[in-house]
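These numbers come from the heavy atoms of this one structure, side chains and all, not from hydrogens, waters or symmetry mates. Letters A, B, ... are given to chains in the order of the sequence lines, protein chains preceding strands, and every chain is numbered from 1.
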Amino acid sequence: MIKAITGTKDILPSDIAKWHYLEKLLRETFHLYNYKEIRTPIFEETALFARGIGEETDIVGKEMYTFKDRSETSLTLKPEMTAPVVRSYIEHSLGAQQPLTKLYYISSMFRQERPQAGRLRQFNQFGAEAIGSKSPLLDAEMIQLAYGILKSLGLKNLTVKINSLGTPETRETYKKLLKKFLEDKKNKLSEDSRRRFDTNILRIFDSKIESDQNIIKDAPKLIEHLDEESKSDFEIVKNQLSKTGIPFQVDPTLVRGLDYYTKLTFEIDSGSVGAQTALCGGGRYDLLIETLGGKPTPATGFAAGVERILLACENEKSFIIPEQSIDVYLIRVDSALETVVADFSSDLRSQNISCDYDYLNRSVKAQMREANKMNAKYVLFIGGDEYKNGMMNLKNMSNGSEEKIPYSNINQLIERIKTNPIS
RNA sequence: GUGAGCGUAGCUCAGUUGGUUAGAGCACCAGGUUGUGGCCCUGGGGGUCGUGGGUUCAAAUCCCAUCGCUCACCCCA
């Protein structure tokens, strides 16, 4: 038997409803904030991610699905969406049409990691990017937007963490400071952290190893060495969050694994999804556009994991999807009337009435069971004596009542079904 | 890449110290008055016990290998 590739999942009809529910909520919410959808190709030139995300990141270093096409071009299945969106923004000069571009997306991403709870190799993210403004109000809006969506889904167990990484200049100054502090303690650090010392020293804060944490806890904090603008922007974000009633905590160790972040970064965690707690992560990336060849343009955004969110919703039973139903199930009492039933179905469907019937030549009892299983609101019996007298039987499945309707008057039938909805 | 746990019906699982034709619940199909659902009752179909090898008179059960799944580490959504 051929099975789905490791780390990929089928979304079966039995659980598609909650995806639709979420997608509808997303489109409505993004519209509320005036974001427009963008769709980019599933793969890109590898260089886009190498340059955009950063050569030293885990994503680029070991997680990408990279392959060569027949012309030997190196291609990569997108592991995240910010770089492609920025590429598209530059390529089509979206910024020339208006100074601020607000975009959202819902799409599959690919990363070759070992799967576990809340982690897949093909997974879906939704997110937003606002390109063209350095206003911290926009950073606050991102958090508000993401947090609002999670709240709308009924999620409770949420933590919003924020931090500021400052401008590149202050970050460089700070890195030197940190390097100086850690210099003589370097050989006490774990192997991973010693490697980070040279590649990306800030990520040492991410280490979960206790001995590392003991060393790093007395280190100077980036947040205490911010430049004036980063500092005041951070204050504005915090004020704005407080005003909109979003609970948050400042986490000076929140250093995200993508190199392009500047100033504000944030993460929304859930306690309901296993070890992978981050439902959503984002922040400001004022340098990325020029890194990818565009004009220097400030930008901010976030990405959220659909599977993780749905997992949290499932575990918290945060929302309930109503059962699916159809309006009418047509039952043929005489097996000779198959084509009559088919014709009636066409008529009903053309009038926007959802219906179905038995294609397996089963007994009336079997057809009734089927109607019941499909949550049909009505059953229409066709055949027998009524049919000979030009009538058919319409049965209301919630109260069991039946009424006769002339076979020739389909309008009366449609009227009945439409004006007599069962709540 | 590293570590741990688990593979028996479509699903959830039972299966004794190795011992007849491998079971249950749910789901599916048929029937329970000639043309009517849910509840209930009766019957039925469906399994290479993940795969390959080994031990044995005898393997779902013991041993080895292999594949797959799950969870965790790393990191991230």
> The side chain of Q276(A) lies closest to which of these nucleotides: G35(B), C76(B), A30(B)?
Replying inline: C76(B)

> Side-chain donor-acceptor pair under 3.5 Å between T277(A) and S270(A), yes or no?
Replying inline: no

> If you round to the nearest 0.5 Å, how far is CG of L330(A) from SG of C355(A)?
Replying inline: 5.5 Å

> Is there a side chain to side chain donor-acceptor pair (under 3.5 Å) between Q122(A) and S108(A) once you walk through the steps?
Replying inline: CA-CA 6 Å; Q122(A) 176 177 357; S108(A) 281; 2.9 Å; yes

> Is it the case that K36(A) and N34(A) place a side-chain donor and acceptor less than 3.5 Å from each other?
Replying inline: yes

>> With no hydrogens and no angle check, just 3.5 Å: does a side-chain donor-acceptor pair link R416(A) and Y378(A)?
In response: no

> Can you list, by residue number, the residues of residues 9-43 of chain A that have a non-hydrogen atom closer than 4.0 angstrom to RNA chain B?
Replying inline: K9(A)

> Got a sec? Which of residues 299-318 of chain A come in under 4.0 Å of RNA chain B, heavy atoms?
Replying inline: A303(A), G305(A), R308(A)

> With nearest nucleotides of RNA chain B determined for T277(A) and I5(A) from heavy-atom distances, which residue corresponds to the more 5′ nucleotide?
Replying inline: I5(A)

> Listed in order of residue number, which residues of residues 121-128 of chain A have a non-hydrogen atom at under 4.0 Å from RNA chain B?
Replying inline: F123(A), Q125(A)

>> Only Watson-Crick and G-U wobble pairs with both distances less than 3.5 Å should count. Give RNA chain B in dot-bracket notation, marking inter-strand partners with |.
In response: (((((((..((((.....[...)))).(((((.......))))).....(((((..]....))))))))))))....

>> On the side chain of Q367(A), is there an atom forming a donor-acceptor pair with the base of U36(B) - under 3.5 Å, no angle test?
In response: no

> Between atom CD1 in I2(A) and atom P in C67(B), what is the gap in whole Å?
Replying inline: 18 Å

> In this structure, which one of D139(A), D233(A), T265(A) forms a side chain to side chain donor-acceptor pair (under 3.5 Å) with R284(A)?
Replying inline: D139(A)

> Pick from R349(A), K377(A), K418(A), Q351(A): which one makes a side chain to side chain donor-acceptor pair (under 3.5 Å) with D327(A)?
Replying inline: K377(A)

>> Considering every strand and a 4.0 Å limit on heavy-atom distances, what is the contact class for D334(A): base, sugar-phosphate, or nothing?
In response: nothing

>> Would you say Q144(A) and T244(A) are linked by a side-chain donor-acceptor pair, where the criterion is simply a distance under 3.5 Å?
In response: no

> Does NZ or CZ of K24(A) fall inside the cone over Y21(A)'s six-membered ring, less than 6.0 Å from its centre and within 45° of the axis?
Replying inline: no

> Looking at L153(A) and S318(A), what are the two nearest heavy atoms and their distance?
Replying inline: O-OG, 2.7 Å

> Distance between the C1' atoms of C11(B) and G46(B), in whole angstroms?
Replying inline: 13 Å

>> With hydrogens left out and only the distance checked, is there a donor-acceptor pair under 3.5 Å joining E386(A)'s side chain and the base of G35(B)?
In response: yes

>> Tell me whether the rings of Y174(A) and H225(A) are parallel (<30°), tilted (30 to 60°) or perpendicular (>60°).
In response: tilted

>> Among G68(B), A72(B), G35(B), which nucleotide has an atom closest to any side-chain atom of Q116(A)?
In response: A72(B)

> Is a side-chain donor-acceptor pair under 3.5 Å present for S107(A) with K78(A)?
Replying inline: yes

> What string of B, S and - do you get for nucleotides 37-45 of chain B 5' to 3' if you count protein non-hydrogen atoms under 4.0 Å?
Replying inline: BB-------

> Looking for any heavy atom pair under 4.0 Å, which part of the strands does E402(A) touch: base, sugar-phosphate only, or nothing?
Replying inline: base

> With distance as the sole criterion, is a donor-acceptor pair present between the side chains of E129(A) and T82(A) under 3.5 Å?
Replying inline: yes

> Hey, does R111(A) reach any base, or is it just sugar-phosphate, or nothing, if we go heavy atoms under 4.0 Å?
Replying inline: base

>> Below 30° counts as parallel, above 60° as perpendicular, anything between as tilted: where do the rings of F126(A) and F30(A) land?
In response: perpendicular

> Side chains of E402(A) and N393(A): do they bring a donor and an acceptor to under 3.5 Å?
Replying inline: yes

> Touch check for A275(A), heavy atoms < 4.0 angstrom, all strands: base, sugar-phosphate only, or nothing?
Replying inline: sugar-phosphate

> Between atom CZ in R114(A) and atom C1' in A72(B), what is the gap in whole Å?
Replying inline: 11 Å

>> Taking any heavy-atom pair under 4.0 Å as a contact, classify G281(A): base, sugar-phosphate, or nothing.
In response: sugar-phosphate

>> Going by side chain to side chain contact (heavy atoms under 4.5 Å, CB included), name the residues that satisfy it together with L12(A), two or more places apart in sequence or in a different chain.
In response: D10(A), S14(A), D15(A)

